[in-house]
Structure formats: structure tokens, C-alpha cells
Protein chains: 4
Amino acid sequence: MPKIVDHDQYRKELLNQCFDLFAEKGYASVTMRQIASWLDVSTGTLYHYFPNKEMLFAQFVDELSQRDILQAKTEMTAGQTLSDRIRIVFDYFERNRDYFFKQTLICVDFHQQMHREGIEISDPMKQVGERIEQSVEELLIELLGFDEPELVSFLMTFIDGLMMSDMYVTRRVDFQKQGELIIKMINAYVEKHPNSIAPDLKSLT
Amino acid sequence: MPKIVDHDQYRKELLNQCFDLFAEKGYASVTMRQIASWLDVSTGTLYHYFPNKEMLFAQFVDELSQRDILQAKTEMTAGQTLSDRIRIVFDYFERNRDYFFKQTLICVDFHQQMHREGIEISDPMKQVGERIEQSVEELLIELLGFDEPELVSFLMTFIDGLMMSDMYVTRRVDFQKQGELIIKMINAYVEKHPNSIAPDLKSLT
Amino acid sequence: MPKIVDHDQYRKELLNQCFDLFAEKGYASVTMRQIASWLDVSTGTLYHYFPNKEMLFAQFVDELSQRDILQAKTEMTAGQTLSDRIRIVFDYFERNRDYFFKQTLICVDFHQQMHREGIEISDPMKQVGERIEQSVEELLIELLGFDEPELVSFLMTFIDGLMMSDMYVTRRVDFQKQGELIIKMINAYVEKHPNSIAPDLKSLT
Amino acid sequence: MPKIVDHDQYRKELLNQCFDLFAEKGYASVTMRQIASWLDVSTGTLYHYFPNKEMLFAQFVDELSQRDILQAKTEMTAGQTLSDRIRIVFDYFERNRDYFFKQTLICVDFHQQMHREGIEISDPMKQVGERIEQSVEELLIELLGFDEPELVSFLMTFIDGLMMSDMYVTRRVDFQKQGELIIKMINAYVEKHPNSIAPDLKSLT
DNA sequence: TATGAATGAGAATTCATTCAT
DNA sequence: TATGAATGAATTCTCATTCAT
């Protein structure tokens, strides 16, 4: 085992490897021993890098969200028209469909963990949660290039729905088709209601 | 404590009371003792009605889904126009927003439980999962009164997204407004693309 | 289920049916529920006839030993010569080989139960144990027709060994052959040491 | 508590200390807590060394049998004449009378554990059982110095009977006297039936 | 820094026993 | 007399965490 000089660097590497494990089993069902064995280290080492299981998970989610935002920013570049922009967003989620489904499971887990009764949510955890929410929204707005709250909310909600869709085994949502449908719907909507639309949005269509 | 006459009836009563507990803590984090104490019975009694924790949860989800379908069928009656019908659906979810959010958390938990590696999913559990998927879709089609797959998929996905929306603390999705927006979007879309629409849908607009 | 009028009669019938169950699982490993279900009665009924598990077992062993002695007395009749007599005894154990093996397992269990530390052996249980020991010895002496302690002890010990022999899967002791061997050995011994033999034994050879 | 260096070594040490506990209470009646406290370790430590109670017991019996064979081989040395050899064997069992009685109780327990219905006997357990049987027989043949099956079977069965004898409280078998009796019997038998005896046996008398 | 042995509180589950019907 | 629902202490086993090396 190569000695990692940079403590913090190694900590993050460990966290990054936890993704599939947490996604598949869920926080509460994974034991520290399983994590350690998955990472090919001893439990002692785990406790050397993380004070306890809860903080490990919190740091994991934190790290995860930071990476995600960064990744999304670099991979998605704004398109010219509204259609392009929506298409880019849907493409991105389609390409990383598996990843985002797992990420959703993790988020739900994190949410439950944070809200389980009788336990005071530690400030760091709360902040993690809020930071994620904020930055995802900001990113979407930036990508779409307009700030029409209703419409942004609509798209975000729909994307949340998409990320959940792989929970259903018998159904299979086609991200591409859904994207095209939504593009058509929004275009038709914008055409029909030109006055209820913000200027920045109108300029895109 | 009165002696219970109908074993199966009492079993279901117990299951029905578990909803909030499972929603708030999650399957893995709830202990059998907590469940027992929440239900005001002894752990022994719990094991008198359920062979183990896993089956208790499976039966709980099963019972839950059956009740949900039934409830939805009785509460939602089809409206005249498409707008009415969509409005009815969104109203229903808005009214039971809290309930459905919790239900979503439970479903995610169930999904993870069913897919945790190394464990063969018992047939009963699989069936429960599939039954839920099927009936929700059927119900929606029935309510909307048309079977345009893309559009049904769109609405289901969006509703899934809505049910997730309460996970975000800082945002607050307004179901009503989103419903009205979607109605307008669909109407605009149907008007603009009359030829790509199934007859049963067209007759509704 | 026919109502058994005679409480005590029914109690004994229940006990008699327990033989295989106790032999196979052992006292400590059998649960009251298993006993009840084996007997096709409810646990409640079990507790109607026996104050607790321990007493059920004690009564079972008691009943067992009484039946055994009775059975042995009726089935074995003294032969003419010593050879005949030994042959009769070995025949009897051979015929009921399976039964006596199980009975031995039960006796060992009973012994351990009685001697487990920290528990005062109840007088009834002690008496049961002693009664068995006494009567088996008396029976053997009666059957053999002589009271040469060393030789009786030798035969009893050997029979104990025979009863244990089915514990070994790979070996297979042939009771008949062993009987004939012992007959020859005793005869040779008696011939060679005529003076060290009690008169009643000598008269049999 | 010092950190244990040799995992396997310590495991065996733990097993060796279990003898009296298992002998006195029996497998099913001993709890893991009792074992742990008897060994002065925590239950957690117990489960660190053994996967479960059943395997602990299987490993215990395995270890026990290995030690026994080894011990017997070093303590018993073959004598000159047949009488000597038999005497040595009886002496050995007399000296360790207590030990072998307990060992017998354990073997019965093990047998019952292995044959309790509905449970597939794990291969390791089966092997343990067979190994014991084999090696005891081999040892005896080696010690006696002849391989006359009937006679070996006779002696083994008798020894089994001796080991059971301490189960009887009121009786008291004298190993020495029984040994002398058997020596005389065998000698008389060999003298009288010189032709039915294997050469290797004859050469010993 | 890394290990894994050790801990003991707590989890799931079992079981003798009681008791209302 | 017979039932089986109900109990809760006890059992097997797990797991986050600590700590000597």
C-alpha cells in the first residue's frame, strides 16, 4: 500500500470510492467494517480519517455534491436557443443516468438521516444539505439562461422525476424523447403566451 | 389486553400504523423494539404476526400500496376536459402532499432493501414491487382518459418529481401553480401539433 | 379430538409420544411449542397437563423407565443354561437396538439436566434416576439367575457399551456375534476358574 | 488486555478451556454469554474467533479429539504380553475416568447436534465425527497389537460402557477389577479356542 | 499512519409461561 | 378442558468504536 502523504487528499479518495456502496445498501445498512473492507483498509484506518460513521457519511455527501457541481459545470456548456439548452441538460442526465439514480438514492438517505427524530442535526450536515440545493438550482438557471421561477421549478421537478424513474423496473422512461416533448411543449407555450414570459426567456426562442 | 379474534385483520391494523415510523426513520434504522413500542405491543407479539423484520416491511409496503390504489380510485373521479382531469390529479397529490412524500421515502427504502447485493429477492417482495408499478400507471391512464404513452410517461415522471420536492428545504414547489402551468403547456402543445395526438386525447381538449 | 375422560391416562399418552422427539433433539433443544405441535395440541394444553418443561421431562423419563422395566420383564423369560440366558438378553437388546440407543441418549440428557450446576435437583427427579438404576440391575440379576457382582457388572457395562455403539456411524457392532463371543469367554472363564465362582452361577454351566 | 499475536493459537486456547463447561451443562444449555464469561472475554471476542455457536462447538469437538488422540499416544506404551496391554489400556481410562466420562457426555451432545432433524450437517462437522471414530479404533488396534475384529469390537464396546458407567450414581464400576476379569476371560478363551485366533494375537499370549 | 483484537451496548429473534376466552 | 394470543426476559449475534501494538 503506497503511503499517501497528503492526509486530506487520501481522505477524499476514500470518500469517492464509497459511492456505489452507499447507493446500493444505504447508509444505515452499511457497516463500518463493510466500508473498510470495500476500501481495502482496516476499520482502524477508517477511524483515523473520520471521527465516526455519521461524519463519514456527511463528508461523503459533501464531497459528492462538490464534485457533482464541478463536473456539471465543466461538462455542460450553454447552447444558443432554448431548445439547445434544454437538450443539453437532458443529454447530460441521460448520459449519467445510472450515476444520478444512485445519487438520488443517496440523497434520500441523507435526508432521512438528517431528519430522524430526536437527533439534533449537526450544523455541518445542515449546511451540506442546503449547499447542494442552492448550487443545483443556480447551475440550472445559469445553463438555461433565464430565471422564470415557475418554469425553472417545472424543469427541476421534472428532472427529479427522471432521476427517480429507474426505481421502476417494468417501466422505462426515454430521457431523449421526454426532452424533445418538453421542448415542444415549452415552445408551444411560449408562442401562445408571449406576454407572460420574462424577456430573457423570450429572447431565447 | 383483549384477545384478538381475527388474526389477519389485526395484522393489517398493525401494518397500517407503521407508516409514519418507517417514513421518518427508514427501514434499516428502525428497530423491532421501536416498532413494537410504537404499536404498543411486545416484541413477542410482533413476531407472532410477522416472521421477521424483512417480511414485516414487505407486508407493510404491500398493504400500503393496496390501500393507496383503493384510496386514489375512490377519491379521484374523472373530470370532463383534459384540463379538469389534470387538475384533479394535481389537486389530489397536493392535498396528500405530506403523505406522498413519506410514501416516496418508503418506496426508495423498499427499493434499496430489495436490491441490496448478495440477497436473493424473495418472490413476494418482487411481486409487491411490480404490483405497485402496474397499478399506479393503470390508475393514471384511467383518470386521464387517454393512453398516449409519451404524455402519460411525462405526467408520471413529473408527479414523481413533485413527490420528491419536499426533500428540499429551501425550495417550495407549488403544486397548484405547476398544475396550471402544465395544463397550459399541454393545451398549447395539443393545439400546435394536432396531428401527432391520439384521437381519444384530442376529443378531450 | 376425542375428549379424554381420564386426565392421568391422557397425560401418559402424551408422554409416550414424546420419545422420538426428545431422543432426536435433546431436552434443551426442544421447545415447548415443538412438543405441543408434535403432539398436535396447543401449548396451553401442554401446560394444562404439566406444570413446566422440566417436570414434563421428568415425568417423561419416569414413565419411560416404568414402561421399559415392565416390557423387559414380560418379553424376557429366563433360559435354562447360562448361555441361553445371556443369549436371551443380547437378543432382546438387538431386537430393540434402535429403541435402546435413543433411550440412552435420553438418559444422558436426563443425567446432564439433573447435574447442571447451580440447580438443586428436585427430589422427584433424583428418585426417578435412582429407581431406573436399581430396577435395571435387579432385572438383569433375575434374568441371569446369579449374583456374582463382578460378572453382573461386566455384563451391564458391556450392554451399556452396546447401547452407545450406534453413535458411531462408520463402525457397526454385531450384537449377536458379540453375544456369542461373550458366552464363549464366560464359559471358558468358568471352566478355568471353577473355584472363584459362586455356586448359583456354577450350577448354570 | 494484551493484543493477541497468533489468532489461531489463541482460538485453540479458548477451545481448550471450554471442556468442563460443555461437559457439565451440555451444548444447548450453555449460552454464548456463559461461555464468554467463563473464558473471561466478551461475547464480541467470542464472535471474533468463531462464526457462531454451532461452529464453536464443532471446532471444540475437533480440537478435543485431536488432543485426545495425541495424549493417548504419548501416555500409553505397548506392553509385552496381551495381559499387559489390556492392563495399560484399562489403567489409562481409570486414571482419566473423570475426563472420559465428561468426554462421553460431550460426544453424545455432539451426536445429537449433528443429527437433529431438518438441519443439513455441515461437512466440517461430519468430518469431525468420522475422524474421531477412525482414530480411536486405530489407536486401540495399535496398542493391543492385534487386529482380530471381534475382539477389538468387544474391547471398544466395553470401554464405551465403562465411560458411561459414572452416569449411575448408586453403582460404582471398578475399572481395575473389570480389567483383570477381562484379562482372565480372554486368556481362558484364547487357551480354549486356539484355532479361532489370529496368529498375531496368539503370539502375545 | 495502520492494524485488527477487544469491547459491550444493543439489535433481531426465541421461548417458557400466562391468561382471557 | 382447550386454545393460541400475548408477554418480556433471555438468547444469539452485530456493530460502532477504542486502543495496544
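First the proteins, then the strands, lettered A, B, ... as listed; each starts at 1. Keep in mind that this is a model prediction, so the values were computed, not measured.
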Self-check item: Distance in angstrom units between C:Leu39 CG and F:dT3 P, rounded
Solution: 11 Å
Practice problem: Give a yes or no answer on whether the side chain of D:Gln34 reaches the backbone of D:Thr31 with a donor-acceptor pair at less than 3.5 Å. | Solution: yes
Quiz item: Between C:Ser42 and F:dG4, is there a side-chain N or O to OP1/OP2 distance below 4.0 Å?
Solution: no
Practice problem: Would you please indicate if the ring centroids of D:Phe101 and C:His111 are separated by under 6.0 Å? | Solution: yes
Quiz item: Can you check whether B:Tyr47 has a side-chain N or O nearer than 4.0 Å to OP1 or OP2 of E:dT14?
Solution: no
Quiz prompt | B:Gln34 CD - F:dG8 P separation (whole Å) | solution = 18 Å
Exercise. Give a yes/no answer on whether the side chain of B:His7 brings an N or O atom under 4.0 Å of OP1 or OP2 in F:dG4.
Key: no
Quiz item: Between D:Leu46 (CG) and F:dT11 (P), how many Å, whole number?
Solution: 14 Å
Quiz item: Atom CZ of A:Phe50 to atom C1' of E:dT1: distance rounded to whole Å?
Solution: 14 Å
Quiz prompt | Nearest-Å distance for atom pair CD/P, residues A:Gln9 and E:dT1 | solution = 15 Å
Exercise. With DNA chain F as reference, determine whether D:Tyr27 or A:Pro51 sits nearer its 5' end, using the nearest nucleotide of each.
Key: D:Tyr27
Quiz prompt | Side-chain N,O (A:Tyr49) to OP1/OP2 (E:dT1) below 4.0 Å | solution = no
Quiz item: Across all strands, who's sitting opposite F:dT21 as a Watson-Crick or G-U wobble pair, both distances under 3.5 Å?
Solution: E:dA2
Self-check item: A:Leu56 CG - F:dC15 C1' separation (whole Å)
Solution: 15 Å
Quiz item: Over how many whole Å does the gap from A:Asp40 atom CG to E:dT1 atom P extend?
Solution: 20 Å
Quiz item: Taking the six-membered ring of A:Tyr27 as reference, does the NZ or CZ atom of A:Lys53 fall below 6.0 Å from its centre and within a 45° cone about the axis?
Solution: yes
Practice problem: Among E:dT13, F:dC15, E:dT7, find the nucleotide with the atom closest to the side chain of B:Met32. | Solution: E:dT13
Quiz item: Contact class for B:Thr45 (heavy atom, under 4.0 Å): base, sugar-phosphate, or nothing?
Solution: base
Quiz item: When you measure from the centre of the six-membered ring of D:Phe60, is the NZ or CZ of D:Lys12 under 6.0 Å away and within 45° of the axis?
Solution: no
Exercise. Name the closest nucleotide to the A:Tyr10 side chain, picking from E:dA2, F:dT1, F:dT7.
Key: E:dA2
Exercise. Determine, using ring centers only, whether B:Phe110 and B:His115 are less than 6.0 Å apart.
Key: no
Self-check item: 5′-ward residue of the pair D:His48/B:Thr31 relative to DNA chain E
Solution: D:His48
Practice problem: Using whole Å, report how far CG of D:Asp6 lies from P of E:dA5. | Solution: 11 Å
Practice problem: Starting from the 5' end of DNA chain E, give me the residue, B:Lys53 or C:Asn52, whose nearest nucleotide shows up first. | Solution: B:Lys53
